[in-house]
Amino acid sequence: MIITLKDGTTKEYQEPKSILDIASDISEGLARVACAGEIDGDVQDLRTMVDHDCHLNILTFDDQGGRDAFRHTTSHIMAQAIKRLYPETKLAIGPSIADGFYYDVDRETPFTNDDLEKIEAEMKKIVKEALPITRFTKPRNEAIAFMKEKNEPYKVELIEDLPEDAVIRFYQQGEFVDLCAGPHLMSTKPVKAFKLTSLAGAYWRGNEKNKMLTRIYGTAFTKKAELEEYLNRLEEAKKRDHRKLGKELGLFMMREEGPGFPFFLPNGMVLKNTLLDYWREIHTKAGYVEISTPIMLSRTLWETSGHWDHYKENMYTTVIDEQDFAIKPMNCPGGVLVYQSEPRSYRDLPLRMGELGLVHRHEKSGQLHGLMRVRCFTQDDAHIFMTPEQIRSEIKGVARLIDEVYQLFGFKYHVELSTRPDNSIGSDEDWEMATDALRDALDDLGLPYVVNEGDGAFYGPKIDFHLEDSIGRTWQCGTIQLDFQLPLRFQLEYTGADGEKHRPIMIHRVVFGSIERFIGILIEHFAGAFPTWLAPVQVRVLPISDKHQAYAKEVLQTLRDSGIRADLDTRTEKIGYKIREAQLKKIPYMLIVGAKEEETHTVSVRSRFQGDEGSKELSAFLSSVKEEIASRKNRKASAEEA
C-alpha cells in the first residue's frame with residue numbers, strides 16, 4: 001500500500017500498519033508528539049490500522065484534530081478521577097470543545113469549587129500512573145447490558161438510540177471504562193498541564209424538560225507555560241466581561257421582566273447610534289439603499305420562505321383576525337417582497353438593499369448570555385440581487401467593506417469558505433458556479449482562507465469572517481451567503497438584455513452580525529475604553545471648586561456647540577476624586593478648570609492616552625479632538641491611565 005503524506009511524499013508498506021507505527025517510521029520525534037491521525041480527511045485513533053492506499057496526516061496538538069483528541073482524553077481522566085472519589089456519580093457526555101473540554105455528570109450532592117481541587121489532585125495521580133488506554137467494541141445488546149451493570153443510565157440511553165446492528169466502541173484506562181467513539185491518546189502520561197475552570201448547569205441532551213446535570217469545564221495543554229498563558233487570558237476576560245462593564249458604564253441592563261431582551265440605557269444608545277451612523281455612512285458610499293420591513297408578517301410569507309416548516313420552534317407567533325402571524329426571525333423575506341414590488345431590469349442590478357432590522361428568535365433560557373445571546377436584536381442585513389456574471393465583483397465589494405470595518409476597530413480575522421452540504425438544494429451547475437465565484441473573489445483579493453467542506457447553507461455556499469479580539473478570542477461575525485432558494489421560492493425575475501425573464505441570484509450578508517452582540521464584543525475588546533469617536537461621553541469638564549462652575553459651564557457649552565459629547569462634574573468633591581471617577585468611567589478626555597484656566601481662558605487637559613497633557617487653549621484642544629473623532633482614530637491608553 002502507498003501512503004501519501006501531508007507534504008506530498010509517499011511511504012510504501014507491504015503489510016497493514018497502525019498510524020502510530022507510520023509516525024514512528026517517519027520520525028521518532030513525531031511519534032512522541034502525535035495525538036491522532038487523519039486518513040483521507042477523517043480523524044482517527046493512533047491505534048487505527050492502515051491497510052489501503054490513502055492520504056495520511058499525523059496530527060499533533062498544533063492541529064485541531066490532535067488538540068481535540070488530547071483534550072478528550074483529559075475529559076476521560078477527569079471522569080475517572082470523579083468515579084474514584086465519588087463513585088455514586090453518573091456520567092453523561094464529555095466532549096472536547098473550542099478551548100478545552102467538559103463532562104456532564106449527575107450527582108445528588110452538587111459539586112463545589114473545593115471538589116474541583118480534589119478532582120484535579122486525583123487526575124494528577126492518574127497521569128502519573130501512565131495508564132495505557134485501550135479500545136474494544138461490543139455488540140449493541142451486550143453494550144447495553146454492560147452499562148446497566150455499571151449503573152450508568154445516561155450511557156444506556158445513548159446506546160439505545162443507536163441502530164440494532166451498531167457496534168459500540170469503548171475505551172479503558174486502568175479500572176475505568178467509558179463509552180466513546182474516540183479518538184484518544186495512547187496513555188494518560190502526556191496529559192500534564194490541565195486545569196478545571198468552572199461549574200455550570202446543563203440539561204441532559206440540551207432539553208429543558210430533562211434533568212439538570214452538572215457540567216464541569218476544564219482545559220489542557222501540552223506545556224505548563226501555554227496553560228498559564230490561557231489562564232491569564234481567562235482572568236483578563238473576566239475583567240472585560242461586557243455584562244460587568246455594561247452595568248458600570250451605564251450601557252445596558254437586563255431585567256427579569258424580559259429575559260433575553262436587552263434594555264439600552266442612555267450611554268448605550270449613544271454607542272449604538274454612533275455605530276449605526278457609521279454603518280449608514282459606509283453603506284451609502286458603497287451604493288446601498290436602505291429599507292425597513294415590518295416586524296410582523298403573515299404565516300403565508302413564512303411558509304413560502306420555508307421558515308414556518310424549518311424554523312417555527314424559534315419563532316414568536318400570534319393570531320390576528322383568525323390568521324397566523326409571526327414576528328420576523330430574519331429580514332430576508334421582507335427584503336424579497338421589496339424586490340418584488342416593481343418590475344426589475346438587468347440595468348437595475350446589482351441592487352444592494354441594506355436593512356437594520358429588529359428580529360426576534362426564541363432562544364432557550366439556559367443559552368442566554370448578556371448581549372452575546374439574546375432573543376431580540378438588530379441585524380445589519382443587506383441583500384444584494386444580481387446576475388450570475390456579477391457574483392464575483394459583488395463578493396469582492398462585500399469582503400472589502402467587511403475588511404474596512406474590522407481594520408477600523410483593530411480586529412485581526414481569518415476567513416472560511418464553506419461548500420455544499422449533503423442536504424443541499426439546487427443543481428450541480430449552480431453550486432459549482434457559485435462556489436467558484438466565491439473562491440475566485442477571495443483569490444482576487446489575496447485573502448487566505450480555509451475550506452470547510454460541506455458546511456455551507458442548504459441553499460448556497462458561504463464565506464465566514466472570524467475576527468480576533470485584543471486578548472486572542474475569536475468571534476464569527478461577518479458572513480456572505482449565496483442563495484438560489486429564495487429567488488426560486490418567490491419567483492423573482494428581472495428582464496435581461498435579451499428581453500427575456502431571468503432569475504436573479506441573491507446574496508445575504510452581515511458585517512456586524514447582531515448589533516447587540518457586536519457591542520458586547522467591542523466592550524470586551526476595548527475593556528470599555530472606547531476610541532474617542534465611539535465613547536458615549538468624549539470629554540468631561542472638572543471644575544476644581546464651586547467658584548469655577550460658571551467658567552466650566554462656558555467650556556461645556558463650547559464643546560457641545562462643536563458637536564463634542566461632553567458633560568460636567570458639578571459635585572463638591574476634591575479634584576483628585578473627580579479625576580479618578582472619570583478614569584473609572586473610561587472617559588477619553590478630562591478638562592480641569594480652576595482660577596488659572598479661567599483667567600487665561602485655557603483648559604488643563606488630562607487624557608486616557610497620555611495622562612497629563614498640560615494647559616491648552618480651548619480652541620486648540622477642540623481642533624485636535626474634532627480631528628481625532630472625524631478620522632475615527634483608535635488611540636491606545638497610556639500605562640498610567642490603563
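These numbers come from a predicted model, not from an experiment. As a basis for the values below, the full set of heavy atoms in this structure was taken, side chains included, without hydrogen atoms, waters or symmetry mates.
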(message) Tell me whether the count of non-hydrogen atoms from other residues, nucleotides or ligands lying under 6.0 Å of CD in Glu256 goes above 12.
(response) no
(request) Examine distances only and state if a side-chain atom of Asn452 and a backbone atom of Asp455 form a donor-acceptor pair shorter than 3.5 Å. (result) no
(request) Anything under 30° is parallel, anything over 60° is perpendicular, the rest tilted; go ahead and classify His508 against His383. (result) perpendicular
(request) Please confirm whether the backbone N or O of His362 pairs with a side-chain atom of Asn314, one donor and one acceptor, at under 3.5 Å? (result) yes
(request) Determine, using ring centers only, whether Phe221 and Tyr230 are less than 6.0 Å apart. (result) yes
(request) State plainly whether the residues Arg352 and Glu394 are in salt-bridge range, i.e. N to O under 4.0 Å. (result) yes
(message) Quick check on the 6.0 Å ring-centre criterion: do His525 and Phe411 meet it?
(response) yes
(request) Could you tell me whether Arg473 and Glu236 have a side-chain N and a carboxylate O separated by less than 4.0 Å? (result) no
(message) Taking side-chain hydrogen bond (donor to acceptor under 3.5 Å, both in side chains) as the cut-off, I'd like each qualifying pair that reaches into residues 259-271, sequence neighbours left out, listed once.
(response) none
(request) Take the angle between the ring planes of Tyr278 and Phe512 and call it parallel below 30°, perpendicular above 60°, tilted in between. (result) tilted
(message) Ring centres under 6.0 Å, that's the criterion: do Trp475 and Phe518 meet it?
(response) no
(request) Carefully, step by step, assess Gln557 and Asp561 under the rule side-chain hydrogen bond (donor to acceptor under 3.5 Å, both in side chains). (result) CA-CA 6 Å; Gln557 195 58 51; Asp561 289 345; 3.0 Å; yes
(message) Is it true that, when you exclude Glu599 itself, more than 12 heavy atoms of the residues, nucleotides or ligands shown sit nearer than 6.0 Å to its CD?
(response) no
